2 protein chains.
Amino acid sequence: MDVGHRLRGEGYRLTPQRQLVWEVLRTAEHHLTAEDIHAEVSRTVPEFNVASVYRTLTLLAELGLAHEVRLGDSRGYWEVAHPDDAFHLVCRVCGRVVHHQGDLVEQVREHLTGGHGFTVEDVDLVVHGVCGDCRQTAVAQ
Amino acid sequence: MDVGHRLRGEGYRLTPQRQLVWEVLRTAEHHLTAEDIHAEVSRTVPEFNVASVYRTLTLLAELGLAHEVRLGDSRGYWEVAHPDDAFHLVCRVCGRVVHHQGDLVEQVREHLTGGHGFTVEDVDLVVHGVCGDCRQTAVAQ
DNA sequence: GTATATGCAAAGTCTTTGCATCGTT
DNA sequence: AACGATGCAAAGACTTTGCATATAC
């Protein structure tokens, strides 16, 4: 994914800050908050400002490159936008967020399309619980 | 549902404010924000404070009587807790939030229980789109 | 009477915005 | 050179908290 190309193609500029935000997001293992991204990019560009994180994320979202998820608390979490239908499993114990692939989201879509008169645009499915690792640890004790 | 009994049973007190918050929530047709509830109760108790709304809602949630939903924006929306598995359809056009009954949430639960090692505690499913009424209006124009 | 709940105001968290300056194109 | 992007600081939206007073039990 060449962000520079995408940005310029839409009349936007490629700045070091935007490039860095994208790099951090793209290589992230978890979902990141704006503050996470700010902290990471600041290591390279010390004067980097949180406002720019929000502005960049909003822009990336408009281009369909990034996606914000609400996982239950008041913060927004960010990830690279996935074309596929996935949802999030949030572990109450370790806090990890796992992407879960499956046809469940598609099922929801189909279910609602079938005569319920609701045109689905976006399905947000977040499941809270305890992940396998934490469950095992709890049992072992 | 006798809130007074429930509250006192757990060592809490039944105040006019709590009673009113509960009444507003119980008889509401839509999901309400803390501000909505504050405005409504203020009609009866003018000096009623928003802080008390939050404190009361938190308490009602702990007792399992109320439930907070995040519908995508930064606000929390409140409803009477339902024992059944339901999810929310949010219309992008008219803003209405519809409760949708069905076995989809149950399916998610079963799907994850079946060998994925994740113990499900809470399934939050919010679907954004266009409701039947708004769709028809759009087509008719 | 006593401990809990309230009102009020202040602070806290997360995000957005206005504006002068800087830098990509 | 022009105009969009940034940094900074201030404000905004929503929610929580500290503390003195009031009130349900």
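Convention: sequence-line order gives letters A, B, ...; per-chain numbering from 1. Bear in mind the structure is a predicted one, so any value in this text is a computation, not a measurement.
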Roughly how bent is the helix from dG1(C)-dC25(D) to dT25(C)-dA1(D) end to end, in steps of 10 degrees, with each end axis from five pairs?
30°

Do the side chains of Leu14(A) and Gln19(A) get nearer than 4.5 Å, heavy atoms only?
yes

Per the salt bridge (Lys or Arg N to Asp or Glu O under 4.0 Å) rule, what does the pair list look like for [range], sequence neighbours excluded?
{"range": "residues 47-59 of chain B", "result": "none"}
{"range": "residues 104-116 of chain A", "result": "Asp85(A)-Arg109(A), Glu106(A)-Arg109(A)"}
{"range": "residues 122-135 of chain A", "result": "Arg96(A)-Asp133(A)"}

Not counting sequence neighbours, which residues clear salt bridge (Lys or Arg N to Asp or Glu O under 4.0 Å) with [X]? List them please.
{"X": "Arg8(A)", "value": "none"}
{"X": "Glu23(A)", "value": "Arg26(A)"}
{"X": "Arg13(B)", "value": "none"}
{"X": "Arg75(B)", "value": "Asp73(B)"}

Separation of [X] atom [atom1] from [N] atom [atom2], in whole Å?
{"X": "Arg75(B)", "N": "dT16(C)", "atom1": "CZ", "atom2": "P", "answer": "14 Å"}
{"X": "Gln19(A)", "N": "dG23(C)", "atom1": "CD", "atom2": "P", "answer": "16 Å"}
{"X": "Ile37(B)", "N": "dT6(C)", "atom1": "CD1", "atom2": "P", "answer": "14 Å"}
{"X": "Asp73(B)", "N": "dC14(D)", "atom1": "CG", "atom2": "P", "answer": "8 Å"}
{"X": "Leu71(B)", "N": "dA13(D)", "atom1": "CG", "atom2": "P", "answer": "20 Å"}
{"X": "Leu32(A)", "N": "dC14(C)", "atom1": "CG", "atom2": "P", "answer": "15 Å"}
{"X": "Tyr12(B)", "N": "dT6(C)", "atom1": "OH", "atom2": "P", "answer": "12 Å"}
{"X": "Leu57(B)", "N": "dC14(D)", "atom1": "CG", "atom2": "P", "answer": "15 Å"}

Considering non-hydrogen atoms only, spot the tightest contact between Ala66(B) and Leu25(B) and give its length.
CB-CD2, 3.7 Å

Closest heavy-atom pair and its distance - Val127(B), Val108(A):
CG2-CG1, 4.0 Å

Strictly below 4.0 Å, heavy-atom distances to any atom of DNA chain C: list the hits from residues 38-54 of chain A, or just say none.
Ala51(A), Tyr54(A)

Residue pairs, two or more places apart or on separate chains, that pass ring pair (Phe, Tyr, Trp, His ring centres under 6.0 Å) and touch residues 43-75 of chain B
His38(B)-Phe48(B)

Ring pair (Phe, Tyr, Trp, His ring centres under 6.0 Å): which pairs involve residues 95-114 of chain B, sequence neighbours left out?
His100(A)-His111(B), His111(A)-His100(B), His116(A)-His100(B), His31(B)-His99(B), His82(B)-His99(B), Phe87(B)-His100(B), His88(B)-His99(B), His111(B)-His116(B)

Both Glu68(B) and Leu59(A) contact DNA chain D. Taking the nearest nucleotide for each, which residue is further toward the 5' end?
Leu59(A)

Does Arg55(A) make a side-chain donor-acceptor contact with the base of dG7(D), cut-off 3.5 Å?
yes

Presence of Arg18(A) side-chain N/O under 4.0 Å of dA5(D) phosphate oxygens OP1/OP2:
yes

Would you classify Gly76(A) as touching base, sugar-phosphate or nothing, given that sugar-phosphate means primed atoms plus P, OP1 and OP2, and contacts are heavy atoms under 4.0 Å?
sugar-phosphate

Output a table of nitrogen or oxygen pairs between the protein and nucleotides 20-24 of chain D separated by less than 3.5 Å.
unit_1  : atom_1 : unit_2   : atom_2 : d
dA24(D) : O3'    : Leu14(B) : O      : 3.4
dA24(D) : N3     : Arg13(B) : NH1    : 3.3

